[in-house]
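Written below as structure tokens is the structure these notes are about.
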Amino acid sequence: MIYSPKSISNAVQILQDDPDAQILSGGTDFMVEVNFGHRAPTSVLSLRAIKELCTWSQQDGVIRIGSALPYAQMETGPLAKLLPALAQAARTVGSPQIRAAGTLGGNLGTSSPAGDSLPVLYALDATIIIATATGERRMAVKDFMVGPKRNALSKGEIITAVELPASTGYQGYSKVGVRNAMVISIASACLVHNPIDRSVRLAMGTVGPTIIRASAAEKWLGEECDLASASSITPAICAEFGRRCGDESQPITDHRSTAEYRRHAVSVITSRLLERCAAS
Ligand SMILES: Cc1cc2nc3c(=O)[nH]c(=O)nc-3n(C[C@H](O)[C@H](O)[C@H](O)COP(=O)(O)OP(=O)(O)OC[C@H]3O[C@@H](n4cnc5c(N)ncnc54)[C@H](O)[C@@H]3O)c2cc1C
């Protein structure tokens, strides 16, 4: 059975009536699992016809992105100008075909530590909006992922949107893989500079069971520099910041990379992101 509701309330009701229905957004993770026999749904709830989930808006300094908006719409245009790090991350996801279908809701739903949008959501302290049988709940993204491919979503719940603050400072995303395109990351990171509250926020992907905020390195940096101005960040500080981010990573060795290489790679990209911030 395939359900294709046109409203969020209808979708939530379908999940109440058919608790085994599995949520399908762009299908770029879902269908791989079906093809490999790791998932055999008896019924599928497609989100594609719910227009509200496929749009974005900006109001009072908050950008709200529908969970089923495809990456292709984040790569360029007005949304890319508002959220350059998300645009950079979106451009690295798979191929144009994958970016035409894949979504933030699906990246969150899968909750892989290698999900490219996730370090951006963590560095921007995103809020996840979730439709439930009784209404809506909001969750800080830091509480959403609870382990590799595990999250805090309960049965019957649907991610409807992600809310992010519109920020004015530098933001950047960087990813290391075995080649430049069509690649799952070996290490990734997002850095966001907020000159107003004098902070730099740094989130790392693929170097731990969940996305990791480099909180100690962020704190050290705030004590070393005046973060009201990126120009106080020297090359030596960038190198030390990268080293400290590497110390906070928790990489493992698997078929894609060794733990040592992942730690080295994340140190290099976090240091470079801070250099780019200083030069911005
Ligand atoms: C060839 C290829 C290359 C890829 N390259 C990359 C890459 O470079 N970087 C990267 O990060 N990913 C990559 N992926 C993985 C995938 O494209 C992303 O994870 C994408 O964001 C998934 O989004 P989707 O809309 O297709 O999700 P789907 O496949 O539809 O769903 C994924 C999971 O999330 C659940 N889900 C989806 N939407 C919701 C929702 N709104 N509420 C609750 N649960 C939901 C589904 O039930 C399912 O469990 C690649 C995949 C392929 C096939």
Side-chain angles (χ1 to χ4, degrees), residues 2-5 7-8 11-12 14-15 19-36 38-41 43-50 52-55 64-75 86 88-122 128-132 136-137 139 141 144-145 148-162 173-190 205-206 211 256:
I2 302 204
Y3 303 101
S4 190
S7 70
I8 295 169
V12 170
I14 289 166
L15 292 180
D20 291 332
Q22 297 187 15
I23 299 170
L24 177 84
S25 191
T28 60
D29 279 325
F30 190 107
M31 290 312 298
V32 172
E33 289 175 18
V34 170
N35 291 341
F36 278 108
H38 298 150
R39 186 194 273 265
S43 50
V44 171
L45 172 75
S46 168
L47 301 179
R48 271 300 176 87
I50 307 177
E52 190 185 335
L53 300 185
C54 305
T55 58
R64 185 179 169 108
I65 303 178
S67 64
L69 184 80
Y71 292 116
Q73 294 191 39
M74 302 168 207
E75 289 178 61
L86 185 63
Q88 288 165 20
R91 282 181 215 125
T92 76
V93 175
S95 61
Q97 293 87 341
I98 296 295
R99 298 197 290 274
T103 66
L104 293 187
N107 223 206
L108 285 162
T110 297
S111 288
S112 161
D116 280 307
S117 74
L118 305 180
V120 181
L121 304 187
Y122 270 65
I128 314 299
I129 319 297
I130 300 164
T132 71
E136 183 179 280
R137 68 184 179 115
M139 185 185 285
V141 70
F144 185 82
M145 263 183 92
K149 301 208 169 179
R150 289 191 295 119
N151 60 50
L153 219 52
S154 298
K155 211 168 163 68
E157 294 187 325
I158 302 171
I159 303 161
T160 55
V162 170
Y173 177 76
S174 187
K175 161 179 175 178
V176 175
V178 289
R179 52 179 185 255
N180 281 338
M182 274 293 287
V183 72
I184 300 296
S185 69
I186 283 171
S188 63
C190 177
T206 333
I211 306 302
R256 288 207 178 90

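Residues take their numbers from the sequence shown, with the count starting at 1. Counting starts at 1 for both ligands and their atoms, following the listed order.
Minimum heavy-atom separation, T160 to A131: CG2-CB, 3.6 Å. For the residue pair P113 and K149, the shortest heavy atom distance occurs at CD-N, 4.4 Å. Between S117 and L86 the shortest heavy-atom distance is CB-CD1, 4.3 Å. Nearest heavy atoms, M139 versus F144: SD-CA, 3.7 Å.
In terms of polar-atom proximity, defined here as any N/O pair under 3.5 Å, M31 makes no such contact with ligand 1. Distances between N or O atoms of S117 and those of ligand 1 include no value under 3.5 Å. Below 3.5 Å of separation, one finds an N or O of G27 facing an N or O of ligand 1. By the 3.5 Å distance cut-off applied to N or O atoms, I158 is not counted among the residues near ligand 1. For ligand 1, one of its N or O atoms has an N or O atom of I23 under 3.5 Å away. Considering backbone and side-chain atoms together, V183 places an N or O closer than 3.5 Å to an N or O of ligand 1. Polar contact check, E157 against ligand 1: no nitrogen or oxygen pair lies under 3.5 Å apart. Polar contact check, G94 against ligand 1: a nitrogen or oxygen pair lies under 3.5 Å apart.
Among protein heavy atoms, atom 50 (C) of ligand 1 sits closest to I98 CG2, 4.2 Å. Scanning the protein heavy atoms around atom 34 (O) of ligand 1, the nearest turns out to be G109 CA, 3.3 Å. Scanning the protein for heavy atoms near atom 15 (C) of ligand 1, the closest one is D29 OD1, 3.1 Å. The shortest contact between atom 32 (C) of ligand 1 and any protein heavy atom is with T110 OG1, 3.3 Å. In terms of protein heavy-atom proximity, atom 16 (C) of ligand 1 is nearest to T28 OG1, 3.2 Å. Nearest to atom 21 (O) of ligand 1 among the protein's heavy atoms is Y71 OH, 2.6 Å. From the protein, the heavy atom lying nearest to atom 43 (C) of ligand 1 is L153 CD2, 3.5 Å. Protein heavy atom in closest approach to atom 37 (C) of ligand 1: G106 CA, 3.6 Å.
Selection from I130, I159, L45, L104 by nearest heavy atom to atom 41 (N) of ligand 1 gives I159.
By the 4.5 Å heavy-atom criterion applied to side chains, P19 and K155 are counted as neighbours.
Heavy-atom distances between R99 and ligand 1 stay at or above 4.0 Å for every pair. A heavy-atom separation below 4.0 Å is not found between L53 and ligand 1. Assignment of R39 to the shell around ligand 1 is supported, since a heavy atom sits closer than 4.0 Å.
The backbone and the side chain of D116 each have at least one atom closer than 4.0 Å to an atom of ligand 1 (non-hydrogen atoms only). At a 4.0 Å heavy-atom cut-off, ligand 1 touches S25 through backbone and side chain alike. When heavy-atom distances to ligand 1 are checked against a 4.0 Å cut-off, T160 has no atom that comes that close, whether in backbone or side chain. In T92, the part holding a heavy atom less than 4.0 Å from any atom of ligand 1 is the backbone. Contact annotation: for R48 versus ligand 1, there are no heavy atoms closer than 4.0 Å.
At least one donor-acceptor pair closer than 3.5 Å links the side chain of T55 to the backbone N or O of E52. When atom types are taken as modelled, the side chain of Y71 and the backbone of T103 share a donor-acceptor pair closer than 3.5 angstrom. R99 places a side-chain N or O within donor-acceptor distance of the main-chain N or O of V93, the cut-off being under 3.5 Å. Formation of a donor-acceptor pair under 3.5 Å by the T110 side chain with backbone atoms of S112 is not found in this model.
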